[in-house]
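First comes the structure, then the notes that go with it.
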Amino acid sequence: MGLFTVEEARAELAALLPVFEEIVARRADMVELSAALVPGGQTTDLGGLPERKAVEARLDELMTQVQKTGAELKGMAPLLVDFPADLDGVPVLLCWLEGETALTWYHRADLGFAGRRRLP
């Protein structure tokens, strides 16, 4: 995949937000179902092992959908997504974190999340 411009990444983020919302919901289902399956775990109305496998399959589909756009799924809890880009000749990752309403952060590719800065 190629590099995103800031505008392209923002448009892609807008298109992906419903996918991210479903990932967050299915992630919570997965945790609850997994907890119910351990010995002594509290039962859940969500079901059992077959439902857990179905949720896992759906999460795999959603993650593949994100990755096909060229975005990089970096974390699941919290959800963290990077869009490869170039700012003034410097390789960067435009960085979105679960809970943020817009794409307003970036970091140099070599610095990681701790090097996040606001987009100019």
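As a basis for the values below, the full set of heavy atoms in this structure was taken, side chains included, without hydrogen atoms, waters or symmetry mates.
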- Task: Kindly compute the distance separating CG (Leu49) from NZ (Lys53), expressed to the nearest 0.5 Å.
- Result: 4.5 Å

- Query: Partners of Glu98 by salt bridge (charged side-chain N to carboxylate O under 4.0 Å, His left out), sequence neighbours excluded?
  - Reply: Arg27

- Residues passing the side chain to side chain donor-acceptor pair (under 3.5 Å) test with Arg116, sequence neighbours excluded, are Glu100

- Note on the structure: Output for pair (Glu7 CD, Leu103 CG), nearest 0.5 Å, gives 10.5 Å

- Does Leu93 belong to the same Ile/Leu/Val/Met/Phe/Trp/Tyr cluster as Phe20, with side-chain heavy atoms less than 4.5 Å apart forming each link? no

- Does Met30 belong to the same Ile/Leu/Val/Met/Phe/Trp/Tyr cluster as Leu80, with side-chain heavy atoms less than 4.5 Å apart forming each link? no

- With sequence neighbours excluded, residues passing side chain to side chain donor-acceptor pair (under 3.5 Å) with Glu51: none

- Message: Distance check, rounded to the nearest 0.5 Å: Glu72 atom CD versus Leu94 atom CG?
- Response: 10.5 Å

- Item | Heavy-atom check, side chain of Leu119 versus side chain of Val6, under 4.5 Å | yes

- Honestly curious: do Met63 and Leu17 fall in one hydrophobic cluster under the side-chain, below-4.5 Å linking rule? yes

Run the side-chain donor-acceptor check on residues 81-92: report pairs under 3.5 Å with partners two or more places apart or on a different chain.
{"residue": "Asp82", "atom": "OD2", "partner": "Lys74", "partner atom": "NZ", "Å": "3.2"}
{"residue": "Asp86", "atom": "OD1", "partner": "Gly89", "partner atom": "N", "Å": "2.9"}

- Message: side-chain contact (heavy atoms from CB on, under 4.5 Å) for Ile23 and Met76? Distances and angles first, verdict last.
- Response: CA-CA 8 Å; Ile23 288 173; Met76 284 295 290; 3.7 Å; yes

- Message: Distance check, rounded to the nearest 0.5 Å: Arg117 atom CZ versus Cys95 atom SG?
- Response: 13.5 Å

- Query: Salt bridge between Arg58 and Glu22, side-chain N to carboxylate O under 4.0 Å?
  - Reply: yes

- Query: Side-chain heavy atoms under 4.5 angstrom apart, residues restricted to Ile, Leu, Val, Met, Phe, Trp, Tyr: same cluster for Leu111 and Trp96?
  - Reply: no

- Item | Partner residues of Glu32 under the side chain to side chain donor-acceptor pair (under 3.5 Å) criterion, sequence neighbours left out | Thr44

- Query: Do side-chain atoms of Thr69 reach the backbone of Val66 as a donor and acceptor pair under 3.5 angstrom?
  - Reply: yes

- List in chain and number order the residues that pass ring pair (Phe, Tyr, Trp, His ring centres under 6.0 Å) with Tyr106, two or more places apart in sequence or in another chain; answer none if no residue qualifies. none

- Message: Are Leu73 and Phe4 linked, directly or through intermediate hydrophobic residues, by side-chain heavy-atom contacts shorter than 4.5 Å (ILVMFWY only)?
- Response: yes

- Task: Measure the CZ-OG1 distance between Arg10 and Thr5 for me, rounded to the nearest 0.5 Å.
- Result: 9.5 Å

